[in-house]
Amino acid sequence: MAEDTPGRSEHPPGTSLAEARPYVPGEGQSTRTVLVAIGALLLGLLLAALDQTIVSTALPTIVSDLGGLEHLSWVVTAYLLASTAATPLWGKLGDQYGRKRLFQTAIVIFLVGSAMCGAAQNMPQLIGFRALQGLGGGGLIVLSMAIVGDIVPPRDRGRYQGLFGAVFGGTSVLGPLLGGLFVDHLSWRWVFYINLPIGIVALLVIAAVLHIPTSRTPHRIDYLGTFLIAAVATCLVLMTSLGGVSYPWGSWQIIGLGVLGVALLVPFVLVERRAAEPVLPLKLFTIRTFALCSVIGFVIGFAMFGSMTYLPTFLQVVQGVSPTMSGVHMLPMVAGMLISSTASGQIVSRTGRYKVFPIAGTGLTAIGLLLLHQLDPASGVGEMSVYFFVFGFGLGLVMQVLVLIVQNSVGYEDLGVATSGATFFRSIGASFGVSIFGTIFANKLGPRIADALAGAKLPAGVTPGQLQGDPRAVSALPPAERAGVLDAYSVSITDVFLYAVPAMAVAFALAWLLKEEPLRGSVTAPDTSEVLSSNPVERTSRDECARALSVLGSREGRRKVYEKITERAGLELQPASSWMLLRINRYGSAEPAMLAERVPVPLRVITEAARELEVRGLAVREGLPLVLTDRGRDVAAKLFRAREESLAELLGDWWTPDRPTDLMELVRELNGELCGSDAEQPHNGQKGDHRRKP
């Protein structure tokens, strides 16, 4: 029997083929086909991820061209609100009607929105088209990650989802730079047009190579709840963005929006209480940790996206740098975020201690906001870089850990909805942050420009109103007046950071109230996509566990796991012998010489393991390959159960006597894929005899 037949499905010892799962992700598909499909999914994700960052450095130029600086925030907010509201719908519709078709639909919607954004002739058009783009963007993010689970076995999902996190990390760096380059050398419209060729390639590749199962999971989709929560958010965001800018705060329009937003909360609560699958389960708010993390996450999203939207305006208008260089100046903030988020997640996963990070993160972010408030036209590059880094480092410390804390505080049945709920509030906070920052900026800028130009003689065609709506008009002013207007811009922008400090102080106080509980072994650091994305995470409890166990199971396989399971099974075998026994049981046979060529285990270790299996009567030769005896199959079954128990232990109190069936199936499935696999390293690179001492 040939060793390692590609595409062969696996099932646990003691089960029949009829009892095995009917579909194994990746089964029957070559590695090349899977990699090409993953590449197309990454392109789709790249579109949505890039669009969250590439627009920021182009915004000053966009508003100069189209007018409406006071509504600059809505270019970002429209996208954020639409993608946040659409994310849970895309996830459930994909389960119900097939993800491939829905993913292609999301790409088409996104590309149509991109083309229309590029062709927009005024600010209302651009805002409307950005909302359309956001509807597609929400689908690109949630469906691309869900499809990975359809085409990749659970044991490999952690590795591939790491690639998706890398896309977000890369676009957070490249987005501002690319946005600046397009503005400087082409046109701001190419910020949107660049999506078209990338999206078309992704569409063609997905159509050609993506083959996923047609099985569908029925859902009771909470359309009404989704609509109501989106309407509540829209009313309140409109109130904060239009108040004092388009309408006085005491006008019937602004008061009406506030009253309507609050009033809609009543039917939303009633709907969520009765919904079979609520978009935001109200029972989560009875969990103290979830409620605290939701508020802290809201403030973090508020500060992060609000700041990232207006810092490029400060750099380009006040500092006078090019759009490209404004992207370069933003890199210290992104670097601080990536460094601290990665480090904090890893430290928490290894030590089990997490409370210090939200406290330190919110405190450092508040300090960062105060530092940003100190910026002025004379600030040097070094000073700005330090301020940006401190701010980003503080954000990263708390963002990564919040998701982890929420996951640790709920039962398995609530794991998926709690994760999506916590990230949902961060997304809503981002919408409010951009909106409120924009309102403060617009309310302060007009009067300050008027004061700066009081009694000054302006060049023909230049008015205070034009200077407020078109930053490029500042260059037409005489030096003295220009300095006054730039100072007005500077103070108006940096004031928004000061106004965000009280909100961050509230988050800092709430962080002290978090209760530090023992960390489950299966709670791992979220990937970068969950930290830098403005979209809420949308995964089931099973998907969350699969992601965590795939990472932990593979990591455990490199840490003497075969010594541990051999001892657990009450056997006296070399770890490499246990590994080979499970591998033969998995594939039917193994030829030692060929095996040494394809796995990272030395030939000497494999030869010793093969000899031990033969001497103990656990395997016999059929020509060159080894096959198991009846006794060998019994021993393999013991080892399989021991490995399954070691995986189950990682789940902590989720693995209760009344554990759900899908959790049991997941552990069994992942165990079958890990036992004896290429990824495992039974000898740990050590020399000598690995035999367990009696």
Side-chain angles (χ1 to χ4, degrees), residues 88 225 229 232-233 265-266 268-270 272-273 275 277-303 344-345 347-349 351-363 365-366 394-395 397-430 432 502-526 530-531 536-541 544-545 548 651-656 658:
I229 192 63
V232 169
L265 283 173
V266 176
F268 172 72
V269 170
L270 295 176
E272 294 305 277
R273 281 181 174 174
E277 297 182 41
V279 66
L280 189 63
L282 299 180
K283 66 176 181 178
L284 292 175
F285 293 98
T286 63
I287 303 172
R288 181 169 175 266
T289 300
F290 175 85
L292 289 172
C293 287
S294 295
V295 176
I296 296 171
F298 180 94
V299 175
I300 290 297
F302 176 96
S344 62
I347 291 171
V348 172
S349 294
T351 65
R353 312 289 294 183
Y354 56 75
K355 184 173 179 177
V356 64
F357 291 102
I359 293 173
T362 51
T365 302
L395 286 172
L397 281 178
V398 64
M399 287 168 60
Q400 180 88 296
V401 177
L402 282 180
V403 177
L404 188 149
I405 294 173
V406 166
Q407 291 180 333
N408 193 58
S409 68
V410 298
Y412 170 76
E413 67 280 2
D414 292 325
L415 177 61
V417 292
T419 305
S420 60
T423 52
F424 173 83
F425 279 101
R426 188 188 67 205
S427 304
I428 292 294
F432 274 87
M504 194 56 64
V506 171
F508 177 73
L510 292 177
W512 285 94
L513 300 178
L514 288 170
K515 183 180 178 182
E516 189 160 57
E517 300 170 339
L519 196 68
R520 289 187 183 95
S522 57
V523 176
T524 61
E530 296 176 18
V531 178
V537 175
E538 186 67 24
R539 284 198 292 265
T540 64
S541 295
E544 286 290 344
C545 265
L651 296 171
D653 57 3
W654 287 340
W655 194 258
T656 57
D658 58 344

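Computed from heavy atoms alone, side chains included, the values below leave out hydrogens, waters and symmetry copies.
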Q: Grab the two heavy atoms, one from Leu282 and one from Arg273, that are nearest each other, plus how far apart they are.
A: CD1-CG, 3.8 Å
Q: Report the distance from atom CD1 of Ile229 to atom CD of Glu272, rounding to the nearest 0.5 Å.
A: 7.5 Å
Q: Rounded to the nearest 0.5 Å, what's the gap from CG on Leu402 to CG on Leu292? Could you check?
A: 10.5 Å
Q) Which pair of non-hydrogen atoms, one from Lys355 and one from Glu516, has the smallest distance, and what is that distance? A) N-OE2, 2.9 Å
Q. Do the ring planes of Phe432 and Phe298 sit parallel (below 30°), tilted (30 to 60°) or perpendicular (above 60°)?
A. tilted
Q) What are the two closest non-hydrogen atoms of Glu517 and Tyr354, and how far apart are they? A) N-OH, 2.7 Å
Q: Run the numbers on Leu513 and Arg288 for side chain to side chain contact (heavy atoms under 4.5 Å, CB included), then give the verdict.
A: CA-CA 9 Å; Leu513 300 178; Arg288 181 169 175 266; 3.7 Å; yes
Q. So which heavy atom on Ile405 is nearest to which on Cys293, and how close?
A. CG2-SG, 3.8 Å
Q. Roughly how far apart are Leu514 CG and Ile359 CD1, rounded to 0.5 Å?
A. 7.5 Å
Q. What closest approach, in Å, do Gly394 and Thr365 show between heavy atoms, and which atom pair accounts for it?
A. C-OG1, 3.1 Å
**Q.** Considering all heavy atoms, the nearest Leu397-Gly361 contact
**A.** CB-CA, 3.7 Å
Q. Going from CG on Leu404 to OG on Ser344, what distance comes out if it is rounded to the nearest 0.5 angstrom?
A. 9.0 Å
